[in-house]
Asker: 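I'd like to ask some things about the structure below.
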Amino acid sequence: MPSYDADAKAAALKEWTDAGFPPLNAVVHDSWTPNLLSNFLKKEMAVIGNAYAHVTPLQMEAIFCAVSAANSCELCLTFHAMGMEKHGASKEDIDAIVHQGQPTSKDILGHVYCAKLALSHKGVLLEREKEYLLKEFGLGPEHVCEIIYLVGQISANNLLMVHMIANEVPVDDILTGYSPFSKTAYGK
């Protein structure tokens, strides 16, 4: 039995859908309180709704996709693979990132590479890695800082969504048709 009333949850779900997000099974679930749903939405809108000095929407989706693949978060990975497609990424680049590889597009390759370094080192980059990112991809300190911020944001989302999957919340039909896991253990 939830600790909140149904009207409060309905209002929070309306806020969610009014912002353009689908009513995913995870957020509709009783364990998402109206406050959690509202706070999650506000954070998402702040993260994705504002421009960055060095990261484009496609690059952001590629970062989110690469981190979600590394964290094996089917919900986030599928959602952001769809976002990459929406922003013009090739099917080949999407498939590569989804399966934890590197894209070929120079526009997103450095961002994915940097995101993987940031995730594996918990945000700490070695001097030689920073030099390589700058020399190879033109990613200086400001650029890297934005990427690390985005890696942290999607990692937090991954924790929550993997928790929901582990608690047997079904993956939504709108995601399963596109699911990049269809050729892996998740889809078999």
Side-chain angles (χ1 to χ4, degrees), residues 21-22 24 26 43-44 47-126 129-130 132-140 142-166 171-188:
F21 291 98
L24 299 172
K43 189 244 343 153
E44 281 302 289
V47 171
I48 66 170
N50 293 302
Y52 292 89
H54 301 284
V55 177
T56 68
L58 172 58
Q59 292 162 343
M60 184 186 327
E61 292 292 352
I63 291 164
F64 290 168
C65 214
V67 172
S68 297
N71 288 331
S72 294
C73 181
E74 183 175 10
L75 289 171
C76 295
L77 179 56
T78 303
F79 197 81
H80 294 294
M82 292 168 66
M84 283 185 66
E85 182 178 67
K86 175 184 166 192
H87 289 289
S90 70
K91 178 157 178 33
E92 295 76 23
D93 280 344
I94 295 169
D95 286 346
I97 295 171
V98 160
H99 294 97
Q100 299 191 33
Q102 296 285 63
T104 57
S105 170
K106 199 78 160 163
D107 189 41
I108 57 176
L109 175 59
H111 293 76
V112 169
Y113 183 76
C114 183
K116 289 179 178 189
L117 288 174
L119 185 63
S120 67
H121 297 314
K122 310 292 187 268
V124 177
L125 300 182
L126 303 175
E129 293 167 336
K130 291 187 278 187
Y132 178 75
L133 289 168
L134 183 59
K135 180 182 173 205
E136 187 66 25
F137 305 109
L139 303 180
E142 292 176 7
H143 208 138
V144 168
C145 203
E146 286 186 358
I147 293 169
I148 290 170
Y149 170 77
L150 293 168
V151 167
Q153 297 305 309
I154 193 63
S155 291
N157 290 7
N158 293 162
L159 288 173
L160 184 56
M161 296 306 179
V162 168
H163 170 77
M164 298 308 296
I165 293 168
V171 176
D172 304 80
D173 289 342
I174 64 167
L175 298 177
T176 57
Y178 190 87
S179 180
F181 285 115
S182 63
K183 299 175 187 168
T184 70
Y186 289 89
K188 301 219 183 278

Asker: What about the rings of Tyr132 and Phe137, do their centers lie closer together than 6.0 Å?
Answerer: yes
Asker: Quick one: side-chain contact (heavy atoms from CB on, under 4.5 Å) partners of Ser90, sequence neighbours excluded?
Answerer: Glu92, Asp93
Asker: For Ala118 versus Leu125, what's the shortest heavy-atom pair and its separation?
Answerer: N-CD2, 3.9 Å
Asker: Can you measure from CE (Met164) to SG (Cys73) and round to the nearest 0.5 angstrom?
Answerer: 11.5 Å
Asker: In chain order, what residues pass the ring pair (Phe, Tyr, Trp, His ring centres under 6.0 Å) check against Phe21, with sequence neighbours excluded?
Answerer: Trp16
Asker: Looking at every non-hydrogen atom in both residues, tell me the closest pair between Val144 and Leu139 and how far apart they are.
Answerer: CG2-O, 3.8 Å
Asker: Applying salt bridge (Lys or Arg N to Asp or Glu O under 4.0 Å), can you list everything that pairs with Lys106, at least two apart in sequence or on another chain?
Answerer: Glu136
Asker: For a quick test of your reading: what N or O donor-acceptor pairs under 3.5 Å do the side chains of residues 146-156 make, sequence neighbours left out?
Answerer:
{"unit_1": "Glu146", "atom_1": "OE1", "unit_2": "His54", "atom_2": "N", "d": "2.9"}
{"unit_1": "Glu146", "atom_1": "OE1", "unit_2": "Val55", "atom_2": "N", "d": "3.3"}
{"unit_1": "Glu146", "atom_1": "OE2", "unit_2": "Ala53", "atom_2": "N", "d": "3.0"}
{"unit_1": "Ser155", "atom_1": "OG", "unit_2": "Val151", "atom_2": "O", "d": "2.8"}

Asker: By side-chain contact (heavy atoms from CB on, under 4.5 Å), which residues pair with His87, not counting sequence neighbours?
Answerer: Pro57, Leu58, Glu61
Asker: Which atom names give the shortest non-hydrogen contact between Leu133 and Gly110, and what distance separates them?
Answerer: CD2-O, 4.2 Å
Asker: For a quick test of reading the model, state the closest non-hydrogen atom pair linking Ala70 to Leu119 and the distance between them.
Answerer: CB-CD2, 3.5 Å
Asker: List the residues meeting salt bridge (Lys or Arg N to Asp or Glu O under 4.0 Å) with Glu142, not counting sequence neighbours, and say none if there are none.
Answerer: none
